[in-house]
Amino acid sequence: MNVEKIDYIWAVLSFITVGVTYHFGCLLYGILGIYFLMVLLFLYHIFEIKKRLKNTVAVYGRITGYHTARGSGIHYYPVVNYETEDGREINSVYTIADSEQKYDIGDEEMICYDPDDPLFFYFANREAELTANYYRYMIFGGIPALFILIAILAY
């Protein structure tokens, strides 16, 4: 997940919204507005990811290892080696973590990479993972937003 210019703009707008609505005594409207701004931003990111997926090329990649990260447990990021259409050999780390090693080292898996950015790839049968967190955040953010909306309408 890359941070883009639009993300910085969203952050600034959120701070301004909180400040202005707090000043005028209508903070609940501001929080609700921030949620709707967040939904628009996430829909933009989902649209961009899906647009990017349309231009990918399918090849077989070999799992060469795992990058691990510690947080609340160990997270595994598969390292994949593959060759592009123009013959370049690429070693890249998958951007989505797993709590277990899903593939054995040496396994050949179908991946899709972006010819404009060959380091970006996804596993052919796991493309939904690239947008799943956006949907998850919209749903979990929607629950408090719904309560705020109910509170506003009850006034």
Side-chain angles (χ1 to χ4, degrees), residues 1-18 29-150:
M1 200 180 303
N2 291 333
V3 178
E4 298 178 17
K5 188 177 184 179
I6 192 167
D7 298 309
Y8 292 115
I9 293 169
W10 176 78
V12 169
L13 286 175
S14 295
F15 280 113
I16 291 170
T17 302
V18 167
Y29 289 106
I31 293 171
L32 198 59
I34 289 171
Y35 170 72
F36 287 115
L37 282 174
M38 181 192 74
V39 167
L40 289 175
L41 178 68
F42 286 173
L43 290 174
Y44 165 79
H45 281 297
I46 291 168
F47 173 76
E48 288 295 314
I49 289 169
K50 289 187 177 190
K51 186 171 76 171
R52 189 174 193 184
L53 296 182
K54 291 179 184 177
N55 298 325
T56 58
V57 176
V59 296
Y60 279 98
R62 188 171 37 84
I63 310 299
T64 60
Y66 283 89
H67 171 75
T68 57
R70 295 190 186 276
S72 56
I74 299 176
H75 301 292
Y76 299 97
Y77 298 85
V79 179
V80 180
N81 178 276
Y82 52 95
E83 190 173 315
T84 63
E85 288 180 315
D86 58 0
R88 291 177 29 201
E89 188 172 321
I90 303 290
N91 258 333
S92 187
V93 179
Y94 191 48
T95 58
I96 308 290
D98 288 315
S99 58
E100 60 187 37
Q101 294 181 1
K102 286 193 175 185
Y103 308 102
D104 292 328
I105 294 176
D107 280 358
E108 297 264 331
E109 295 291 329
M110 177 68 77
I111 62 146
C112 299
Y113 74 91
D114 183 352
D116 296 330
D117 179 12
L119 291 176
F120 171 78
F121 76 93
Y122 62 92
F123 289 95
N125 57 347
R126 296 172 62 183
E127 58 268 358
E129 291 177 336
L130 298 172
T131 57
N133 281 337
Y134 292 116
Y135 290 116
R136 201 171 293 129
Y137 295 149
M138 284 190 286
I139 291 167
F140 288 127
I143 294 168
L146 183 62
F147 284 114
I148 291 171
L149 184 61
I150 291 169

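Side chains included, hydrogens not; waters and symmetry mates left out as well; all remaining heavy atoms used.
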Could you tell me which non-hydrogen atom of [X] sits nearest to which non-hydrogen atom of [Y], and how far apart they are?
{"X": "G61", "Y": "Y82", "result": "CA-CB, 3.9 Å"}
{"X": "Y35", "Y": "A145", "result": "CD2-CB, 3.5 Å"}
{"X": "N91", "Y": "T64", "result": "OD1-OG1, 4.0 Å"}

I need the [X] [atom1] to [Y] [atom2] distance, nearest 0.5 Å.
{"X": "I31", "Y": "L149", "atom1": "CD1", "atom2": "CG", "answer": "13.0 Å"}
{"X": "D7", "Y": "H45", "atom1": "CG", "atom2": "NE2", "answer": "3.5 Å"}
{"X": "I96", "Y": "K102", "atom1": "CD1", "atom2": "NZ", "answer": "10.5 Å"}
{"X": "D98", "Y": "I74", "atom1": "CG", "atom2": "CD1", "answer": "13.5 Å"}
{"X": "I143", "Y": "M138", "atom1": "CD1", "atom2": "CE", "answer": "13.0 Å"}
{"X": "I6", "Y": "L40", "atom1": "CD1", "atom2": "CG", "answer": "9.0 Å"}

Would you please name every residue forming a salt bridge (charged side-chain N to carboxylate O under 4.0 Å, His left out) with [X], sequence neighbours left out?
{"X": "E129", "result": "R126"}
{"X": "K50", "result": "none"}
{"X": "E48", "result": "K51"}

Margin query: When you measure from the side chain of Y66 to the backbone of Y103, do you find a donor-acceptor pair of N or O atoms at a distance under 3.5 Å?
Written below: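 Yes, Y66 side chain to Y103 backbone: donor-acceptor pair under 3.5 Å.
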Margin query: According to ring pair (Phe, Tyr, Trp, His ring centres under 6.0 Å), who are the partners of H67, at least two apart in sequence or on a separate chain?
Written below: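 Residues passing ring pair (Phe, Tyr, Trp, His ring centres under 6.0 Å) with H67: Y77.
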Check: Which residues pass the ring pair (Phe, Tyr, Trp, His ring centres under 6.0 Å) test with Y94, sequence neighbours left out?
Finding: F121, F123
Notebook entry, point to check: When you look at OH of Y29, are more than 12 heavy atoms from neighbouring residues, nucleotides or ligands closer to it than 6.0 Å?
Noted result: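 Not more than 12 within 6.0 Å, no.
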Checklist line | Under the side-chain contact (heavy atoms from CB on, under 4.5 Å) test, residues paired with I150 that sit two or more places apart | finding: L146
Next item on the list: Applying side-chain contact (heavy atoms from CB on, under 4.5 Å), name anything that partners Y8, two or more places apart in sequence or on another chain.
Entry: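 Expected list: V3.
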Item checked: Qualifying side-chain hydrogen bond (donor to acceptor under 3.5 Å, both in side chains) pairs, either residue in residues 108-119, two or more places apart ->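 Non-adjacent pairs meeting side-chain hydrogen bond (donor to acceptor under 3.5 Å, both in side chains): R52-D114, R52-D117.
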Side-chain donor-acceptor pairs of residues 53-60 under 3.5 Å, sequence neighbours excluded:
{"residue": "T56", "atom": "OG1", "partner": "L53", "partner atom": "O", "Å": "2.9"}
{"residue": "T56", "atom": "OG1", "partner": "Y122", "partner atom": "OH", "Å": "3.3"}

Mind listing the side-chain donor-acceptor pairs of residues 10-18 below 3.5 Å, one per line with the distance, residues two or more places apart or on another chain?
{"residue": "S14", "atom": "OG", "partner": "W10", "partner atom": "O", "Å": "2.9"}
{"residue": "T17", "atom": "OG1", "partner": "L13", "partner atom": "O", "Å": "2.6"}

Note to self: Filter on salt bridge (Lys or Arg N to Asp or Glu O under 4.0 Å), then keep only pairs touching residues 72-96, sequence neighbours left out; what's left?
What the structure shows: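 Checked against salt bridge (Lys or Arg N to Asp or Glu O under 4.0 Å) - neighbours excluded - no pair reaches residues 72-96.
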Item checked: Test log, rule side-chain contact (heavy atoms from CB on, under 4.5 Å), inputs D104 and I63 -> CA-CA 7 Å; D104 292 328; I63 310 299; over 6 Å; no
Next item on the list: Show your working on side-chain contact (heavy atoms from CB on, under 4.5 Å) between R136 and I139 and close with a plain yes or no.
Entry: CA-CA 5 Å; R136 201 171 293 129; I139 291 167; 6.0 Å; no
